[in-house]
Chemist: 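One structure, as structure tokens, below. Some questions next.
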Amino acid sequence: MSTTKHTFLLLIPVLLVYIWLATPGLRIYSLQAFSVASLGYFVVKKLNKAKLWHILPKNFSLELMFITFAVLLLVGSTGNTNSIFYPFTYIHLFILVMSCREKTAIIVAMSTMLLHYALETTISSVGIATILTIPMMLLFFLFAKKQYDDVIVSHSIIDKEEIEINNLSAQEHSLESFIYSFLKPKLKILEEIATKDIDENQETIKNQISLIINESDKILEKNK
């Protein structure tokens, strides 16, 4: 799924929450809608074969649409910036940042700010200050995600280097084993033969040299 399409899909629940809360006939059923959205989140999670205790939704899944609708509806219907559930906004923001590309997270977070501003019945400095915590927390979570991604890349590089070191160690062990268990004994045999009549043992020498060449080729092929 493209970033543009994913962003558009996540803006739909934000718009739906505004329409829902702006319509008196629908607003009275906000608790029921929140319950249905929460249930929908777990149903989609089950269909995606994800663990129920894994909070973060899969990338580009519909799970985040249900989370967005449920959290914004709960906060908006219980007092908006004065809601006891307003801290859920930060949890939603964290999930958003960790599950989406930066561009999508920023656009949806800004639309969330506009939603809370539009739902404010009386504009006060306290309400504005509360809404402004959203971009502050957004920057913090984006920074934290960048640090997390850097750590993951760093660990990946370290793991790759460890694998390469282990492979080199295995190759060195294989080469050492070849020298001690095969090459040196064969060379000693050739050395002993060389002290005798070479003409009589020419065939034996050729066989021993062929064996050394063949085994050396096998080691070189294995260590490529």
Side-chain angles (χ1 to χ4, degrees), residues 1-22 30-31 33-35 37-38 40-42 44-45 50-155:
M1 186 186 300
S2 66
T3 302
T4 302
K5 185 177 180 180
H6 190 219
T7 303
F8 175 75
L9 288 176
L10 290 180
L11 290 176
I12 292 176
V14 179
L15 179 61
L16 285 178
V17 168
Y18 176 75
I19 295 173
W20 189 282
L21 295 177
S30 295
L31 181 60
F34 167 77
S35 301
S38 299
Y41 164 73
F42 288 107
V44 173
K45 204 169 187 65
K51 307 279 185 189
L52 293 180
W53 56 86
H54 289 173
I55 299 175
L56 293 179
K58 289 184 177 180
N59 292 336
F60 304 118
S61 71
L62 296 177
E63 297 169 32
L64 194 52
M65 292 182 65
F66 285 96
I67 294 176
T68 300
F69 181 81
V71 171
L72 295 182
L73 185 65
L74 178 65
V75 174
S77 63
T78 55
N80 202 35
T81 57
N82 295 317
S83 172
I84 191 175
F85 299 110
Y86 191 82
F88 283 12
T89 303
Y90 306 132
I91 298 175
H92 169 252
L93 196 60
F94 172 78
I95 294 173
L96 190 67
V97 168
M98 297 303 292
S99 304
C100 303
R101 294 192 176 99
E102 290 183 4
K103 183 179 178 181
T104 300
I106 292 170
I107 292 175
V108 176
M110 293 303 103
S111 68
T112 300
M113 279 184 63
L114 292 176
L115 172 67
H116 289 304
Y117 180 79
L119 292 177
E120 283 290 279
T121 53
T122 56
I123 304 300
S124 63
S125 58
V126 175
I128 295 297
T130 303
I131 294 173
L132 288 176
T133 59
I134 292 178
M136 294 172 59
M137 294 300 294
L138 175 66
L139 289 174
F140 174 76
F141 288 143
L142 286 173
F143 175 76
K145 183 183 180 183
K146 180 65 170 58
Q147 295 294 308
Y148 174 77
D149 290 341
D150 289 345
V151 169
I152 293 297
V153 170
S154 177
H155 280 298

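By convention here, the first residue in the shown sequence is residue 1.
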Chemist: Quick one: does L115's side chain get under 4.5 Å of V17's, heavy atoms only?
Modeler: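 Yes, their side chains come closer than 4.5 Å.
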Chemist: Working to the nearest 0.5 angstrom, can you tell me the gap between T68 OG1 and Y41 OH?
Modeler: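 It is 11.0 Å, given to the nearest 0.5 Å.
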Chemist: Has Y90 got more than 12 heavy atoms of other residues, nucleotides or ligands less than 6.0 Å from its OH?
Modeler: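 Yes, the 6.0 Å shell around OH holds more than 12 heavy atoms from other groups.
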Chemist: Report the distance from atom CD1 of I107 to atom NE2 of H6, rounding to the nearest 0.5 Å.
Modeler: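 Here the interatomic distance stands at 11.5 Å.
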Chemist: Give the minimum heavy-atom separation between F69 and A37, together with the two atoms involved.
Modeler: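 Scanning both residues completely, I find the closest heavy atoms to be CD2-CB, 3.6 Å.
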Chemist: If I compare all heavy atoms of A70 with all of F34, which pair ends up nearest, and what's the gap?
Modeler: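 Where A70 meets F34 most closely, the heavy atoms are O-CD1, 3.2 Å.
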Chemist: So L142 and I106, do their side chains get closer than 4.5 Å, heavy atoms only?
Modeler: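 The answer is yes, as the side chains (C-beta and beyond) meet within the 4.5 Å cut-off.
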Chemist: Applying the side chain to side chain contact (heavy atoms under 4.5 Å, CB included) test to V108, which of L96, V97, L138 qualifies?
Modeler: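 Output: one option passes, namely L96.
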Chemist: Please report the shortest heavy-atom distance between I134 and A109, naming the atom on each side.
Modeler: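 Between these two residues, the closest heavy atoms are CG2-O, 3.9 Å.
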Chemist: Any chance you could measure L119, atom CG, to S83, atom OG, to the nearest 0.5 Å?
Modeler: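 Going from the CG atom of L119 to the OG atom of S83 covers 11.5 Å.
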Chemist: Looking at every non-hydrogen atom in both residues, tell me the closest pair between P135 and M110 and how far apart they are.
Modeler: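 Reported closest heavy-atom pair: CB-CE, 4.2 Å.
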Chemist: Side chains of I128 and E120: does their closest heavy-atom pair fall under 4.5 Å?
Modeler: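 Heavy-atom side-chain distance check fails, nothing below 4.5 Å.
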Chemist: Of the non-hydrogen atoms in K145 and C100, which two are nearest, and what is the gap between them?
Modeler: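 Looks like NZ-O, 2.8 Å.
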Chemist: Is the number of heavy atoms from other residues, nucleotides or ligands under 6.0 Å of I84 CD1 greater than 12?
Modeler: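 Atom CD1 in I84 is not packed in, count stays at 12 or less.
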Chemist: In Å and rounded to the nearest 0.5 Å, what is the CG to OG1 distance from L9 to T4?
Modeler: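 One finds 11.0 Å between CG of L9 and OG1 of T4.
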Chemist: Can you tell me how far OG1 of T121 sits from CG of N82, rounded to the nearest 0.5 angstrom?
Modeler: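 Answer for the CG-OG1 pair, N82 versus T121, is 8.0 Å.
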Chemist: With heavy-atom distances below 4.5 Å as the criterion, would you say the side chains of M137 and T89 are in contact?
Modeler: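 Result no, sub-4.5 Å side-chain heavy-atom pair not found.
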Chemist: Show the nearest heavy-atom pair for residues S30 and L73, with the distance to one decimal.
Modeler: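 Reported closest heavy-atom pair: O-CD2, 3.4 Å.
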Chemist: Would a distance-only check, ignoring hydrogens and angles, find a side-chain to backbone donor-acceptor pair under 3.5 Å from Y86 to T130?
Modeler: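 Between the backbone of T130 and the side chain of Y86 there is a qualifying donor-acceptor contact (under 3.5 Å).
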Chemist: Check whether any side-chain heavy atom of S77 lies under 4.5 Å from a side-chain heavy atom of L31, and answer yes or no.
Modeler: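 SC-SC contact between S77 and L31 ruled out.
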Chemist: Calculate, to the nearest 0.5 Å, the distance between atoms OG1 and CG belonging to T112 and L10 respectively.
Modeler: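 Between T112 OG1 and L10 CG, I get 9.5 Å after rounding to 0.5 Å.
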